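Notes to accompany the following structure.
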Amino acid sequence: ETGVTQTPRHLVMGMTNKKSLKCEQHLGHNAMYWYKQSAKKPLELMFVYNFKEQTENNSVPSRFSPECPNSSHLFLHLHTLQPEDSALYLCASSQGSGQETQYFGPGTRLLVL
Amino acid sequence: AQSVTQLDSQVPVFEEAPVELRCNYSSSVSVYLFWYVQYPNQGLQLLLKYLSGSTLVKGINGFEAEFNKSQTSFHLRKPSVHISDTAEYFCAVSSLQGAQKLVFGQGTRLTINP
């Protein structure tokens, strides 16, 4: 497995469910990101982690809870989501905290019913 | 804060024709500029980036872009497109101090017709 992988690729959940999205990078990078891509809206940065520490929270509602146990893994825990949270959630990684290229995973397509 | 405007949501082009995808940005500080491509059911892939130096930047797959500071633009061009270029293209900007915080435009869907 190379690059940035995300599981699951598709997820359907009810508003009362709890689920988690997983991201893994095999590039030896130290920074990881969560983005949200909604229909007809620009890609939005949600969270940034550098060396396992959260360095950016872009005013994301608390029903989204990120976790970065090590530099290779990033999770997004979901609970009591709303239908408007339905979107493609993309994970990315980069070398560090500078202007290095961000490498994206294929995303998890989430549908909240 | 930075913002990005991609002026065209959709661009249809015939195969082997030239194409230009327009991007304008707004920022009160110096910026880095990026173009990403997203093929169906895939994540974003970097096409090219402007960090400093020459304002004409060459990227992968024959694409290039020109940074125009006075017009705050970073338009993407390709002299001859192929069917395989059909994808969504995103322009993005970050400040020098907040280089990890990419701000994206809404995207331009490029459709290549035979």
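Lettering follows sequence order; numbering is per chain, from 1. The shown structure was predicted, so the numbers you read here are calculated from the model rather than taken from an experiment.
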Under 4.5 Å from a heavy atom of chain A, the part of L46(B) involved: side chain
Tell me, do P106(A) and Q42(B) make a side-chain contact under 4.5 Å, heavy atoms counted? no
P42(A) and F104(B): which non-hydrogen atoms are nearest, and at how many Å? CB-O, 3.4 Å
Can you confirm whether more than 12 heavy atoms, excluding those of Y103(A), are under 6.0 Å from its OH atom? no
Would you mind checking which part of L90(A) comes under 4.5 Å of any heavy atom in chain B, side chain (CB onward), backbone (N, CA, C, O), both or neither? side chain
What part of Q6(B) gets within 4.5 angstrom of chain A, counting heavy atoms only: side chain, backbone, both, or neither? neither
Hydrophobic cluster identity match, L110(B) and Y36(B), side-chain contacts under 4.5 Å: no
Identify the residues of residues 57-70 of chain A whose heavy atoms come closer than 4.5 Å to a heavy atom of chain B, ordered by number, or report 'none'. none
Are F75(A) and V48(A) in one and the same hydrophobic cluster, where Ile, Leu, Val, Met, Phe, Trp and Tyr link if side-chain heavy atoms are under 4.5 Å apart? no
Region of R109(A) in contact with chain B, defined by heavy-atom distances below 4.5 Å: neither
Minimum heavy-atom separation for K49(B) and T101(A), please, with both atom names. NZ-OG1, 3.0 Å
Okay, Q102(A) and chain B: the region with an atom under 4.5 Å from a heavy atom over there is both
Evaluate the side-chain proximity of Q38(B) to L43(A): yes if any heavy-atom separation is below 4.5 Å, no if none is. no
Which residues in residues 77-90 of chain B have any heavy atom lying under 4.5 Å from a heavy atom of chain A? F90(B)
Hphob cluster co-occupancy, F63(B) + V37(B), side-chain heavy atoms under 4.5 angstrom: yes
Do L21(A) and Y33(A) share a hydrophobic cluster, counting only Ile, Leu, Val, Met, Phe, Trp and Tyr and linking them when any side-chain heavy atoms are less than 4.5 Å apart? no
Please find the pair of heavy atoms, one from Q100(B) and one from Y35(A), that lie closest to each other, and give the distance. O-OH, 4.2 Å
Enclosure of E15(B) CD (heavy-atom neighbours >12, cutoff 6.0 Å): yes
Using the rule that two of Ile, Leu, Val, Met, Phe, Trp, Tyr join whenever any of their side-chain heavy atoms come within less than 4.5 Å, decide whether V31(B) and V103(B) are in one cluster. yes
